There are 2 protein chains.
Amino acid sequence: MLNNQLPEDPDLDSVFQALADPTRRAILIRLCDGPASVSQLARPFAMSLPAILQHLQVLEGSGLVRSEKIGRVRSCTIVPAAVRRAEGWLSARRTAEERRLDRLESFLDSDDPPTTTTRSTP
Amino acid sequence: MLNNQLPEDPDLDSVFQALADPTRRAILIRLCDGPASVSQLARPFAMSLPAILQHLQVLEGSGLVRSEKIGRVRSCTIVPAAVRRAEGWLSARRTAEERRLDRLESFLDSDDPPTTTTRSTP
DNA sequence: AGAATACTTAAGCATGTGCTTAACAATCAG
DNA sequence: CTGATTGTTAAGCACATGCTTAAGTATTCT
């Protein structure tokens, strides 16, 4: 049985997945201050360098971070567009829900409250 | 070796984790149109009911969804505040990065570029 | 060249995630 | 009461995740 649902942008999976870890979010916060090398990024954490590397690979795989190796140093930068895409999805949900509440409100503000299904006014 | 880093809000972990799945995001989109029962939420998916239940538990554990059982029907609703909290984190990153670019720009627009190193805090 | 630096790869391990099926409630309709 | 509807619990399985250590490679310094 094939799953022919979910017409949604599959790329957001990896973005939110990347955001779902405190180490990776801390790395992103750090990168907002400007580009950094792998060992600079690793310094604050009680974690091995390979572990940080793996976090960086997750971040890069999601598109939230880009990196380039120059000499023996890899320089990592945040990718604002990817951050905005995730933000945009949440923003769309928020506004959709707000629109619904507005419709509901203006419906209740009209005259005739017929069989108040949700929350009978006390 | 204890990990005494990461002074950040740990609750965002579960929020982003919940968002990192297309089924759960589709459920959230659906809930923007108003409350729904478990089987209503399950209907569009080629997936067993227990699977949907588990997704709902993840969503509820993250605070993105609240639910209440009335009779034999569980009614699920989205929690806008939780959506806004995730959105707010991303928004803060974006603005932080924009501020940095502004500083960089006005710095480059001025005359004297001294030692273009990133972060020379000794 | 030889040593230090900065990163990378590989393998392994414990735990978490996303499903499944089967069986078990609880409630409502006739 | 009987039976259909709606949801819940439990067990199990395949695979993903987040680390670790050990052993590389590539670059720069002296």
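Reminder, nothing fancy here: chain letters follow the sequence lines and each chain counts from 1. All values derive from a computational prediction rather than experimental measurement.
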Problem - Sequence-aligned protein contact record of nucleotides 8-17 of chain C, with B where the base is within under 4.0 Å of a protein heavy atom and S where only the sugar-phosphate is - result: BB--------

Exercise for the section: Could you tell me which residues satisfy salt bridge (charged side-chain N to carboxylate O under 4.0 Å, His left out) with A/R74, sequence neighbours excluded, listed by chain and number? Expected result: none

Practice task
Return the value, rounded to whole Å, for the distance between atom CD1 of B/I52 and atom C1' of C/dG18.
Solution key: 11 Å

Handout entry: Geometric cation-pi criterion A/R85 and A/W89, 6.0 Å radius, 45° cone
Key = no

Handout entry: Length of the line joining A/D13:CG and C/dG18:C1', which is rounded to integer Å
Key = 13 Å

Exercise for the section: Can you tell me which residue pairs pass the side chain to side chain donor-acceptor pair (under 3.5 Å) test with a partner in residues 46-59 of chain A, sequence neighbours excluded? Expected result: A/R24-A/H55

Exercise for the section: Ignoring backbone atoms, establish whether A/H55 has a side-chain N or O less than 4.0 Å from OP1 or OP2 of D/dC19. Expected result: yes

Handout entry: Rounded interatomic separation in angstrom, taking CD from A/Q40 and P from C/dA6
Key = 9 Å

Exercise for the section: Grab the CZ-C1' distance between B/F45 and C/dG18 for me, whole Å please. Expected result: 14 Å

Problem - Side chain A/R72 and base D/dT27 donor-acceptor under 3.5 Å - result: yes

Practice task
List in chain and number order the residues that pass salt bridge (charged side-chain N to carboxylate O under 4.0 Å, His left out) with A/R100, two or more places apart in sequence or in another chain; answer none if no residue qualifies.
Solution key: A/E97

Practice task
Measure from CG on A/L59 to C1' on D/dG18 and round the result to the nearest Å.
Solution key: 13 Å

Completion exercise
The nucleotide from D/dT6, C/dT20, D/dC19 with an atom nearest the side chain of B/S39 is D/dT6

Problem - Any A/S48 side-chain N or O less than 4.0 Å from OP1/OP2 of D/dC19 - result: no

Fill in the blank from the handout: Residues passing the side-chain hydrogen bond (donor to acceptor under 3.5 Å, both in side chains) test with B/Q17, sequence neighbours excluded, are none

Handout entry: Residues in salt bridge (charged side-chain N to carboxylate O under 4.0 Å, His left out) contact with A/E60, at least two apart in sequence or another chain
Key = none

Handout entry: Whole-Å distance separating the CG atom of A/D21 from the P atom of D/dA16
Key = 18 Å

Problem - Between C1' of D/dA26 and CD1 of A/I70, the distance in whole Å - result: 15 Å

Problem - Minimum-distance nucleotide (side-chain atoms of A/V73 versus C/dT27, C/dT5, C/dC7) - result: C/dC7

Handout entry: Given DNA chain D, 5'-ward residue of the pair A/V58 and A/G71, judged by closest heavy atom
Key = A/V58

Exercise for the section: Select one nucleotide: of C/dC7, C/dT5, C/dC19, the one nearest the side-chain heavy atoms of A/S37. Expected result: C/dC7

Practice task
Return yes when atom CZ of A/R66 has more than 12 non-hydrogen atoms of other residues, nucleotides or ligands closer than 6.0 Å, and no otherwise.
Solution key: no

